[in-house]
Structure formats: C-alpha cells, structure tokens
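First comes the structure, then the notes that go with it.
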There are 4 protein chains.
Amino acid sequence: MRKNRPKYKQIIDAAVVVIAQHGYHQAQVSKIAKQAGVADGTIYLYFKNKEDILISLFEEKMQLFIEKVSEYIAGDLSPSEKLLKMIENHFKVLAADHHLAVVTQLELRQTNLDLRLKINSVLKEYLTLVDQIIREGMEKGEFDSGLDVRLVRQMIFGTVDETVTTWVMNKEKYDLVSLAAPVHQLIINGCGKKTAV
Amino acid sequence: MRKNRPKYKQIIDAAVVVIAQHGYHQAQVSKIAKQAGVADGTIYLYFKNKEDILISLFEEKMQLFIEKVSEYIAGDLSPSEKLLKMIENHFKVLAADHHLAVVTQLELRQTNLDLRLKINSVLKEYLTLVDQIIREGMEKGEFDSGLDVRLVRQMIFGTVDETVTTWVMNKEKYDLVSLAAPVHQLIINGCGKKTAV
Amino acid sequence: MRKNRPKYKQIIDAAVVVIAQHGYHQAQVSKIAKQAGVADGTIYLYFKNKEDILISLFEEKMQLFIEKVSEYIAGDLSPSEKLLKMIENHFKVLAADHHLAVVTQLELRQTNLDLRLKINSVLKEYLTLVDQIIREGMEKGEFDSGLDVRLVRQMIFGTVDETVTTWVMNKEKYDLVSLAAPVHQLIINGCGKKTAV
Amino acid sequence: MRKNRPKYKQIIDAAVVVIAQHGYHQAQVSKIAKQAGVADGTIYLYFKNKEDILISLFEEKMQLFIEKVSEYIAGDLSPSEKLLKMIENHFKVLAADHHLAVVTQLELRQTNLDLRLKINSVLKEYLTLVDQIIREGMEKGEFDSGLDVRLVRQMIFGTVDETVTTWVMNKEKYDLVSLAAPVHQLIINGCGKKTAV
DNA sequence: TATGAATGAGATTTCATTCAT
DNA sequence: TATGAATGAAATCTCATTCAT
C-alpha cells in the first residue's frame with residue numbers, strides 16, 4: 001500500500017509546508033518535490049497528479065478529526081458534551097498546526113470546483129459524525145425533536161468553520177480553543193428544547 | 001463616472017454569466033467580452049484588469065444585499081424580525097439569480113488570496129449591518145446581553161453561507177427561501193435569553 | 001501645405017518632449033496627442049501614421065543642421081574651417097536642446113529597420129554636404145587627393161555621432177561644444193605625429 | 001555551467017539566424033525555439049527571459065573580437081600595426097558571418113534603452129582594449145602624446161562602426177575587409193597631407 | 001524505484017488606427 | 001476640422017507531466 005511507503009507522508013507534509021508558505025498558486029510540483037527532498041518525477045510514483053496530492057493531503061489530515069470524534073461518539077458522554085468535545089478537538093487540531101490551518105481554511109479553497117467537490121466528499125464522513133450526534137440528541141430528548149438535521153449540521157459546521165477562518169485571517173492573534181465553549185453554547189441554545197413559548 | 005456608462009454593467013453581467021457557465025478558471029477575458037458584445041480591449045476602458053472586473057462585480061452585487069438590509073434596519077421591526085428579513089432577503093436574492101449564486105458561492109472563492117481579501121473588505125459592510133442587529137437585540141433585551149457579538153456574527157454568517165453553498169452544490173434542487181424561517185429559528189434560539197437553566 | 005497648419009509643429013514638438021521624457025517605447029500616440037493638446041484622432045489629420053510623425057520630426061529637425069551647414073559651404077572659409085564650423089554647429093544644436101539630443105541619439109534608433117532606412121535617406125542630404133567639403137578640400141590641395149570620399153565621410157560622421165552619443169549616455173555632464181576643436185583636429189590631422197609643424 | 005550544455009549555443013545561434021532573417025521585432029521566442037529545434041519552454045531553462053538571450057548572444061559573439069585583439073595586444077607589433085590588426089579582425093569577423101553582421105549592426109540596436117545599456121557594458125571590455133593600444137602608441141611616441149584618449153577611442157570605434165553599418169546597409173555589396181587598410185590609414189594619419197614623408 | 005531535462009498549450013493586456021458624431 | 005470611444009491582433013512565459021536513463 002502506497003501509504004506505507006516512506007515518501008508518501010514525506011511528500012504530503014512537504015505539500016502542507018509549501019502551500020502554507022507560498023500559497024496555493026505558488027505551490028508548484030517542483031517546489032513540493034524540493035521540499036520533500038525528492039525529484040519531480042518521483043512525486044508521480046506516489047500520486048496520480050497534483051490534484052491527487054491535495055486530495056490525499058486532505059484525507060490524511062481529516063483523519064485527525066475523524067478518529068477523535070469517533071472516540072467521543074462511542075463514549076458515554078451526553079450529546080451536548082460530545083458536541084463540545086468535537087468543537088474543542090476541531091479547534092485544538094488547527095490551533096496546534098499553523099500550516100495546516102492556513103492550508104485548509106484559506107489555500108485549499110482556491111482550488112477548482114472539481115477538486116473542491118472531491119474534498120467535500122472526503123469531508124462527508126466527518127459531517128456524518130455530526131449528524132449522529134444531532135440525531136442522538138433528538139432521540140434522547142436533549143435537542144428539540146423537530147429539528148431539521150441537515151440545517152443543524154450546516155449551522156454547526158458553518159459556525160465552526162467561519163470561526164476558524166476568521167481566526168486564521170486575523171493572523172491567529174487570539175486564542176481559538178477558548179472559543180469552543182461559547183460557540184458550543186450558541187449552538188446548543190439553537191438546538192435546545194423550547195422551555196416555554 | 002464609469003459606473004454610469006452603459007457598458008460597465010453590461011460587462012459585469014456578462015462576467016457573471018460566463019463565470020457561472022464556464023467556471024472561474026475558464027472565464028477568459030475574451031469570453032466575457034464576447035458575451036458582453038464588446039471587443040476585448042473595451043473591457044480595459046472600464047476595468048483596470050481582470051481582477052478589477054471581479055471586485056467590481058462583487059461590489060455591485062453586494063449592493064443588492066446591503067440596500068435591502070439597510071431598509072429593514074431603519075424600519076421599526078424587532079431585531080429578531082430584522083434578522084429574519086435579512087436572511088430571507090439573502091436567500092431570495094440568490095435563489096432568484098442562479099448565475100449569481102454559483103458565482104458568489106463557488107466560483108469567486110477560487111480566486112487567489114489577495115483578491116479574496118479585497119472581496120472580504122467589501123463584505124465587511126454587510127457584516128457590520130449584522131452586528132447592528134445583534135447589538136440592538138442585546139440592548140432591547142431580546143437577545144442575551146452576554147453574547148460575544150463577533151461570535152454571533154460568525155454563527156449567523158457561517159450558517160447562512162453554508163446553507164446557501166450546500167443548496168448550490170446540491171444543484172438548487174430544493175427551495176432555499178423556505179429555509180429562512182427554520183434557519184432564523186436556530187439562530188434566534190442561540191441568541192435567545194436563557195429562560196431558565 | 002500641412003506644414004503651415006499650426007498643429008503640425010505643435011504635434012512634432014510634443015513628440016520630441018514625450019519621446020525624450022518617456023522613451024521611444026512609451027511614447028504612445030495618445031500621450032503625444034495629450035502633450036500636444038489635441039485629440040488622438042487629430043494626429044491622423046496631420047500625419048499618415050505614427051511612423052510618419054517620427055520621419056517628419058527628423059526631417060524638421062535635420063533642417064537645423066542643413067541650413068547652417070549650407071551657409072558655411074557657400075561662404076569663403078577654407079574646407080578645414082568649414083568642417084570645424086560644421087562640427088561646432090552639430091554639437092551646438094544638440095547641446096542646446098536636451099530633448100532633441102536624447103531623441104536623435106538614443107530613442108530614434110530603437111525604431112524598426114524600415115523607419116531607420118527612411119531616416120537614413122533624410123540624413124543623406126546632410127552627408128552630401130560633408131562630401132562637398134571633403135571634395136573641395138581635396139581639390140584645393142588641403143586634403144590628400146587620394147582619399148576615398150565615402151570612407152572619410154564615414155569617419156567624420158561616425159566620429160561626430162559617436163562623440164555625441166557618448167556625451168548623451170554620460171548624462172551630458174561635460175561640455176560638448178568645446179570638443180568640437182579637438183575632434184576637428186583629430187579628423188584633420190589624425191593620430192600620427194606631424195613630422196614637421 | 002549553462003554555457004557548456006549543448007543547447008545553450010544552439011539557441012544563441014538560432015537567435016542570430018532568426019533575428020537576421022526576420023528582424024528583431026519579428027523574432028518571437030517560438031520562432032527561435034523552432035529554429036533551434038527545441039520546445040519553447042526549453043529556452044527558459046537556459047535563459048531568464050528573451051532579453052537574456054540577446055545579452056548572452058552579444059557576450060558570446062563579442063568574444064570573437066576580444067580574444068583575437070587580446071592576442072595582438074600581447075604580441076610585439078607596433079601600436080599602429082596592432083590597430084590595423086584590430087580593424088582587420090573586426091571587419092573579417094563580420095564579413096565572414098552575414099547573419100551576425102546584420103544582427104549587431106542593425107537589429108540589436110532596435111532594442112529598448114535598458115538592453116542597450118547592458119550591451120554597452122559588454123562592449124566596454126572591447127573599448128578598453130582600444131584604449132590600451134592608444135596609450136601604448138602615445139607612450140612609445142608613435143602617436144601624439146597630447147591626444148585625448150576618450151576622443152580618439154570614439155573616433156576609432158565611431159569610424160569602424162559606421163563603416164560596417166554602411167556596408168551592411170548597402171547589402172554588403174563591396175569588400176569590407178579591404179577597407180581595413182584605408183580606414184586604418186585615415187585614423188593614423190588623418191586627412192591632412194603629410195608635410196614630409 | 002528514482003531522476004530531472006524537456007515539453008508545449010494557453011491567456012492577459014497594449015496601443016495604433018478608425019469612424020460616427 | 002476635431003473628437004475620443006471602440007476595436008482586435010498578437011506574443012511572452014509558466015508549470016504539470018513525461019520518459020529515457
């Protein structure tokens with residue numbers, strides 16, 4: 001399996017660094033090869049083409065989110081607590097890796113539509129986990145049972161994503177992780193059962 | 001003033017159509033010129049360069065959002081109602097113009113970072129209006145007075161934007177405007193005063 | 001006759017200024033028109049095309065050289081003195097008009113071959129006057145009767161031209177006119193030591 | 001070193017041919033590439049840009065002049081004989097290569113000022129050799145010790161250059177090399193009759 | 001596996017010239 | 001005569017990908 005070959009990860013990490021430092025449009029294959037310490041042609045022994053590097057990069061890094069969140073979901077926290085953990089994890093991973101944050105929030109969005117659709121389908125697995133939390137919350141009576149799962153998922157992901165992007169665009173000059181609690185609160189309020197109307 | 005000359009709008013509208021139909025990276029100046037019914041060189045009598053077309057396009061169309069929302073804000077609706085109107089307007093404008101929706105949600109995001117920052121500064125005016133609604137809601141006691149305005153704004157814009165993008169990516173196969181009420185409800189719940197905890 | 005119409009000289013003078021200030025390749029017709037205070041289209045009422053402006057400019061300015069030299073030739077100076085006068089005049093005219101010097105020595109040489117050939121044919125009249133002086137010198141026994149007139153003319157013009165060009169390229173930081181005497185001396189006497197003076 | 005790679009000279013020679021045949025302004029990179037038998041992009045592996053091709057071309061060919069003249073200078077000819085050898089060499093090199101003559105005398109002068117200044121600084125090495133001959137002649141008492149070296153150099157180079165240019169413009173229809181002696185004679189002795197020989 | 005020299009398609013922008021007013 | 005908005009042809013350079021070694 002290609003993923004086990006040493007240069008596979010080497011090239012992906014080089015891509016993250018090069019894209020973060022030079023920007024998506026200045027991240028030529030030759031620059032990535034140089035950063036990875038391999039020849040240009042070697043890239044093509046591990047990846048079908050440049051787009052494949054980016055998708056693989058996204059798949060690889062998305063695991064960092066999915067593995068953790070899967071753990072939380074399997075655990076016996078309440079749905080609201082699971083959501084908090086998920087948001088915290090999302091913020092922590094990106095706050096811990098500046099390059100990755102820049103790449104996922106800013107640079108990778110400059111790609112063509114075709115690539116974006118492929119990235120979206122990688123993202124789907126993550127979003128499905130969000131859906132599971134929402135459904136569990138509704139079933140357990142913690143969230144309003146009349147919620148539109150898709151809309152709520154969009155609210156959650158939209159809010160989280162916009163929060164991270166704004167943070168990156170502001171040069172990460174405030175603490176992202178500490179925003180997890182208030183963001184969670186805003187979302188939970190939105191999902192919460194109406195006490196009395 | 002260039003904006004009053006007939007070909008200014010003509011070229012911008014042509015750009016929207018061409019970008020929507022062919023995608024950002026296939027929207028060559030010559031294609032836009034042809035669609036606008038002018039010579040390639042004529043484009044440069046109205047716009048400094050290709051990037052300038054896109055920024056102008058965004059500025060021009062952003063007015064469709066800002067003017068309406070400014071009206072609502074000036075009116076005597078409650079903050080919650082103003083927010084609903086804003087969301088409705090946002091969805092209506094984009095639902096009514098397929099090309100524009102594709103361009104703003106998908107194509108214009110493929111531009112380089114530099115252009116995106118310029119687009120963001122145009123967007124700022126719109127976001128400021130959202131801030132005004134949030135603040136008014138907090139002052140009038142309709143929203144929780146302890147809210148972090150920036151976070152709430154990010155939630156609102158993030159949710160609305162994600163909702164529209166998902167709708168566009170799903171080929172607009174369901175009704176966007178009817179999502180205004182439930183999206184608004186989700187947001188209001190998030191902002192609402194805690195009745196009892 | 002077009003040359004008598006007021007805007008003819010106005011446009012030529014504008015061309016000299018614009019070319020001197022912005023360089024040949026940045027001397028667009030629209031810039032010349034603006035400097036001359038006329039509309040772009042007006043240029044074409046006086047000149048067939050851009051090339052025609054330049055040739056006319058050269059013809060016009062070449063008169064400054066030819067008229068004077070014709071006078072000297074008609075006078076009763078010795079051939080050697082006539083040559084000195086000619087060189088002096090050449091240097092004086094260019095030293096007195098910085099713009100003209102830059103245009104003739106540097107900018108006008110960047111034109112395409114076709115234009116240069118036309119300019120050369122304008123120059124021919126001037127070179128013919130040089131030939132007359134040489135021939136007269138030979139006939140009067142002041143110059144060696146075995147001289148190849150064409151070669152001598154090339155030496156004279158080549159030396160004079162190279163001297164002016166070097167002076168312009170050195171930002172005209174020394175006095176050009178005072179070089180007339182030694183240049184004349186070199187030409188008349190050559191480098192060889194006079195066996196007896 | 002790039003100069004040792006076979007395609008470096010191949011491209012330069014192709015440039016000389018293409019420029020001579022089609023003229024400077026019609027010497028597109030793609031034409032040069034085709035003539036050199038390489039792909040357009042290959043040009044840019046050897047040269048920074050189009051201007052770099054021209055400067056390199058000039059540097060490369062200038063060696064043909066400099067090497068020979070350096071030899072003569074090192075030899076034990078008299079200064080006057082060295083000068084004759086230099087002029088002869090200058091004429092021989094250009095007479096032997098029609099394309100090169102057209103390129104250096106006509107086409108390369110149509111370039112913008114910036115490039116011309118760079119070419120001039122390459123030329124400087126050659127002119128320095130001329131200066132050496134002049135100084136040696138003055139020291140050895142062969143030339144007038146009161147000469148202004150710069151002026152003499154301008155006379156020599158101006159005369160030689162003008163002679164070659166005229167020859168090229170006249171379609172090289174007479175023998176250039178046989179002009180070396182009379183040109184040398186003119187320079188050495190001037191037009192003045194020797195009072196005693 | 002690994003290399004890296006070579007490939008070649010493709011698009012923005014300028015500016016001399018025209019022509020309807 | 002005079003205007004100036006509109007025209008449209010034309011060329012440099014980049015960079016993902018290949019393939020002979």
Side-chain angles (χ1 to χ4, degrees), chain A residues 2 5-8 11 25-34 36-54, chain B residues 2 5-8 10-11 25-34 36-53, chain C residues 2 5-8 11 25-34 36-54, chain D residues 2 5-8 10-11 25-34 36-53:
Chain A
R2 74 174 187 178
R5 287 180 297 171
K7 286 177 184 168
Y8 177 81
I11 291 167
H25 289 287
Q26 280 305 306
Q28 294 88 347
V29 170
S30 64
K31 225 178 244 168
I32 295 173
K34 194 171 207 175
V38 301
D40 294 17
T42 305
I43 298 269
Y44 291 87
L45 298 175
Y46 292 86
F47 300 92
K48 212 167 77 239
N49 50 33
K50 190 180 179 181
E51 183 174 302
D52 189 29
I53 305 176
L54 301 176
Chain B
R2 73 173 188 180
R5 288 181 292 173
K7 285 179 184 162
Y8 177 82
Q10 198 173 323
I11 292 166
H25 290 288
Q26 280 306 304
Q28 295 89 345
V29 171
S30 63
K31 230 178 243 169
I32 295 173
K34 193 171 210 174
V38 300
D40 292 18
T42 304
I43 300 271
Y44 292 87
L45 296 177
Y46 294 86
F47 301 92
K48 216 169 69 238
N49 50 34
K50 190 179 178 181
E51 181 175 306
D52 190 29
I53 304 177
Chain C
R2 72 174 187 178
R5 288 180 296 172
K7 287 179 183 166
Y8 177 82
I11 291 167
H25 289 287
Q26 281 304 305
Q28 295 86 349
V29 171
S30 65
K31 225 178 243 167
I32 295 172
K34 194 170 207 175
V38 301
D40 293 17
T42 305
I43 298 270
Y44 291 88
L45 297 175
Y46 292 86
F47 300 91
K48 212 168 77 240
N49 50 32
K50 190 179 178 181
E51 184 174 303
D52 189 28
I53 304 176
L54 301 175
Chain D
R2 73 174 187 179
R5 288 182 290 172
K7 285 177 185 165
Y8 177 81
Q10 198 171 323
I11 291 166
H25 290 288
Q26 279 306 303
Q28 295 88 347
V29 171
S30 63
K31 228 176 242 167
I32 296 174
K34 193 171 211 173
V38 301
D40 292 17
T42 303
I43 299 270
Y44 292 89
L45 296 176
Y46 294 86
F47 301 91
K48 216 169 70 240
N49 49 35
K50 190 178 177 182
E51 180 175 308
D52 189 30
I53 304 177

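Just so we're on the same page: letters track the sequence lines, and every chain starts at 1.
- Remark on DNA chain F: of its neighbouring residues C/Asp40 and A/Glu51, the 5'-side contact belongs to C/Asp40, judged by nearest-heavy-atom nucleotide.
- For the pair D/Ile43 CD1 and F/dA11 C1', the computed distance is 14 Å after rounding to whole Å.
- The distance from the CG atom of D/Asp52 to the CD1 atom of D/Ile43 is 11.0 Å, given to the nearest 0.5 Å.
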- Pairing string of DNA chain E (Watson-Crick or G-U wobble, both atom distances under 3.5 Å; | = paired to other strand) is .||||||||||||||||||||
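- Along DNA chain F, the nucleotide nearest B/Ala39 and the nucleotide nearest A/Asn49 are compared for position; the residue whose nucleotide lies closer to the 5' end is B/Ala39.
- Applying side-chain contact (heavy atoms from CB on, under 4.5 Å) to C/Phe47 and the options C/Ile11, C/Ile32, C/Thr42 leaves one that passes, C/Ile11.
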- Start with the C-alpha distance between D/Val38 and D/Tyr46, add both sets of side-chain angles, then the distance that settles side-chain contact (heavy atoms from CB on, under 4.5 Å), and finish with yes or no. CA-CA 11 Å; D/Val38 301; D/Tyr46 294 86; over 6 Å; no
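- A distance of 8.0 Å separates OG in D/Ser30 from NZ in D/Lys34, rounded to the nearest 0.5 Å.
- Of the two residues near DNA chain E, B/Gln28 and A/Gly41, the one whose nearest nucleotide lies more 5' is A/Gly41.
- Sequence order on DNA chain E of the closest nucleotides to C/Ala27 and D/Val38 puts D/Val38 first from the 5' end.
- Taken to the nearest 0.5 Å, the CG atom of B/Asp40 stands 8.0 Å off from the OH atom of B/Tyr44.
- Of all nucleotides in DNA chain E having an atom under 4.0 Å from a heavy atom of chain D, the first and last in 5' to 3' order are E/dA6 to E/dG8.
- Residues meeting the side chain to side chain contact (heavy atoms under 4.5 Å, CB included) test with D/Lys31, sequence neighbours left out: D/Val18, D/His22, D/Gln26, D/Gln28.
- Across all strands, D/Val29 comes closer than 4.0 Å only to sugar-phosphate atoms, never to a base (heavy-atom distances).
- Here the side chain of B/Lys7 pairs no donor or acceptor atom with the backbone of B/Ala36 at under 3.5 angstrom.
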